[in-house]
Amino acid sequence: MARYAISDIHGCLVTFRKMVEEVIRLQPQDHLYLLGDYINKGPDSKGVLDYIFSLQRQGYRLTCIRGNHDQLLLDAVDQGEHTVWLTPEDKQKTLENFGVTQIKDIGSEYLSFIRSLPLMVVLDDYVLVHAGLDFSLNNPLLTNNHLLMNTRQMQPTLAKLGGRRLLHGHLPVPQSTIEKAVAKKRPAINLDAGCVFYRNTEFGNLCAFNLDKIGLFFLHNQEQPYQIKIK
């Protein structure tokens, strides 16, 4: 059994599928942790969720965490589309992915799936979230929901993590930054290598992390060209 974590797929289905099937070669006895932001910006948001559903139906062990882009759909349904902060182009791309004209019309199976996702998973040796924790708290595991999905500033310590390491995504960083965090055994590892931003030479990679062997896998964006800001 192996344990892997991947974050910030952002609609890059071809890349995600190749990472799972050809790079890490996920086996049914393995456990794959996905750290959120499955949708938006990239070319096939619906396809990413459908592929996750397919893996689950085939008996693969997946634990999925909710990211801020995933939360956006729920906010649009629950509070109205005025809460959507995507650019008009990104919003339209996502709507076209799902074959709808309004977010509230996205299939109930996708919205129910996102609504069911936890915001944090605590293991014996790792804490997994989408964005991060509030280390100003004596117990950062009590971080509020908004920060779990959105924070960009942290000063993590192993002591406050109870000796665990924090795995997260949310903020794209170069591959070298991730490699350095692993090599220096830092208490927090950001696994977002900016896969969706393939036009930016600093980013454009999907990263998978082996939780047990402390190993990294990188795969450059495999999608057909699509419109995306350089970032």
Is a donor on one side and an acceptor on the other found under 3.5 Å between the side chain of [X] and the backbone of [Y]?
{"X": "Asn205", "Y": "Ala193", "value": "no"}
{"X": "Ser54", "Y": "Asp50", "value": "no"}
{"X": "Lys160", "Y": "Leu137", "value": "yes"}
{"X": "Asp75", "Y": "Thr83", "value": "no"}
{"X": "Thr15", "Y": "Gln222", "value": "yes"}
{"X": "His10", "Y": "Gly42", "value": "no"}
{"X": "Asp134", "Y": "Leu142", "value": "no"}
{"X": "Asn150", "Y": "His146", "value": "yes"}
{"X": "Arg66", "Y": "Leu117", "value": "yes"}

Sub-6.0 Å ring centroid separation between [X] and [Y]:
{"X": "Phe209", "Y": "Tyr33", "value": "no"}
{"X": "His130", "Y": "His168", "value": "no"}
{"X": "Tyr198", "Y": "Phe203", "value": "no"}

How far apart are the closest heavy atoms of [X] and [Y], and which atoms are they?
{"X": "Gly169", "Y": "Asp8", "value": "CA-OD1, 3.5 Å"}
{"X": "Leu148", "Y": "Leu119", "value": "CD1-CB, 3.8 Å"}
{"X": "Val84", "Y": "Ala76", "value": "CG2-CB, 3.7 Å"}
{"X": "Ile6", "Y": "Ile9", "value": "CG2-CG1, 4.2 Å"}
{"X": "Leu167", "Y": "Ala5", "value": "CD1-CB, 4.1 Å"}
{"X": "Cys12", "Y": "Val196", "value": "SG-CA, 3.9 Å"}

Within a strict 4.5 Å, meaning less than it, do heavy atoms of the [X] and [Y] side chains meet?
{"X": "Val127", "Y": "Leu133", "result": "yes"}
{"X": "Phe135", "Y": "Leu166", "result": "yes"}
{"X": "Lys41", "Y": "Lys229", "result": "no"}

For the residue pair Tyr60 and Gln29, confirm or rule out a side-chain donor-acceptor distance under 3.5 Å.
-> no

No-hydrogen, no-angle side-chain donor-acceptor test under 3.5 Å, Asp212 and Tyr4 | no

N-O pairing of Lys91 and Glu81 below 4.0 Å |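 Salt bridge flag = yes for Glu81 with Lys91.
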
Arg115/Asp78 ion pair, N-O < 4.0 Å |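 Salt bridge: yes.
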
Is it the case that atom [atom1] in [X] sees more than 12 heavy atoms from other parts of the structure closer than 6.0 Å?
{"X": "Gln227", "atom1": "CD", "value": "no"}
{"X": "Gln155", "atom1": "CD", "value": "no"}
{"X": "Arg25", "atom1": "CZ", "value": "no"}
{"X": "Asn139", "atom1": "CG", "value": "yes"}

Side chain to side chain contact (heavy atoms under 4.5 Å, CB included) between Asp30 and Gln27, worked out | CA-CA 5 Å; Asp30 296 339; Gln27 301 298 309; 3.4 Å; yes

Show your working on salt bridge (charged side-chain N to carboxylate O under 4.0 Å, His left out) between Asp125 and Arg164 and close with a plain yes or no.
-> CA-CA 5 Å; Asp125 47 356; Arg164 302 176 180 90; over 6 Å; no

Using the side chain to side chain donor-acceptor pair (under 3.5 Å) rule, pick out the option among Asn68, Asp192, Asn190 that qualifies with His170.
-> Asn68

